[in-house]
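Here the structure is laid out as structure tokens; the discussion comes afterwards.
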Amino acid sequence: MIYKKSGEEIALMRRGGAILVDTLNRLEEALLPGITTGELDAIAERSITAQGAKPSFKGYRGFPASICTSPNHVIVHGIPGPVMLEEGDIVSLDVGVLYGGMHVDSAWTFPVGQVDPAKAALLKASEAALEGAIARCRPGARLGDVGHAVEVVAEAAGFSVVREYVGHGVGRSLHEDPQIPNYGPPGRREVLGAGMTLAIEPMINAGGAATRALDDGWTVVTADGAPSAHFEHTVAILTEGHEVLTSRTHARPPVALGAS
Ligand code: MG
Ligand code: MG
């Protein structure tokens, strides 16, 4: 069942989204060659908790960290730890924030230093695929329109779309109905309506679409070892159009966290 949110609930998610974006900005600033994914996790946890929120992922089905860190051929759900990021890597940082009882969810794949043109093209196309999907979000559109937009943009750029992992409703829980595949025909599935809040999250592979889950129970990698990118926004459907609750482009004053 799809929960439509009240204006008050969306306002809480907007505030949580600002905390999430502030956290992603801090991570981007810290993301220099030599940093470990565990260090990034610590920065994120401190940023989220110091702003009166909780990391949605910590303890979720036993997940041991506050964010997911997925470098290079890791698609999603990488566990932060001693892995050191190097010049030329890419890394997806996936952040969930629980604020005022409401969750928001957003991910961004960043270059570490200078990356080669193939990785840069993958990042550009994957972000464009997310933007294309969000552009379809308005009352009366169909969920199939959203996934189809991802597929069209990613495949036109010569990349492949992960099929086993999908976007989702978000808000009162981290994962709610509906599931949001990043592929499929337009004009099908649920009709979008005001108050729906959706985590749209294309996962785009430079090589084939096939995935493989590692023995740690979380990490998902590309079967062929080629790089993968992941971009995610939480989007509210409004009476007219939509609002990206985790937009990274809004000007925001930095939040002072105080002494550690
Ligand atoms: Mg996420
Ligand atoms: Mg998500």
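When a residue number appears, it is its place in the shown sequence, counting from 1. Any value given below was found using the heavy atoms of this structure, including those in side chains, with hydrogens, waters and symmetry copies removed. One-based numbering, in listed order, for ligands and for the atoms of each.
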ask   = Given side chains that start at C-beta, do those of N25 and R248 come closer than 4.5 Å, heavy atoms only?
value = yes
remark   = Per residue E232, nearest N, O or S atom to the Mg ion (ligand 2) is named OE2
task = Would you mind reporting whether I79 and D216 have side-chain heavy atoms less than 4.5 Å apart?
result = yes
note = Here the gap from E39 atom CD to L32 atom CG, rounded to the nearest 0.5 Å, amounts to 11.0 Å
inquiry  = Looking at A236, is its backbone amide N or carbonyl O close enough to the side chain of T197 to form a donor-acceptor pair, meaning the two atoms are under 3.5 Å apart?
reply    = no
ask   = Hey, which N, O or S atom on E201 ends up closest to the Mg ion (ligand 2)?
value = OE2
key: Atom of D105 closest to the Mg ion (ligand 2), considering N, O or S atoms   = OD2
message = Would you say the ring centers of H175 and Y60 fall short of 6.0 Å from each other?
response = yes
ask   = Name of the D94 N, O or S atom nearest the Mg ion (ligand 1)?
value = OD1
ask   = Does H175 bring an N, O or S atom to under 2.8 Å of the Mg ion (ligand 2)?
value = no
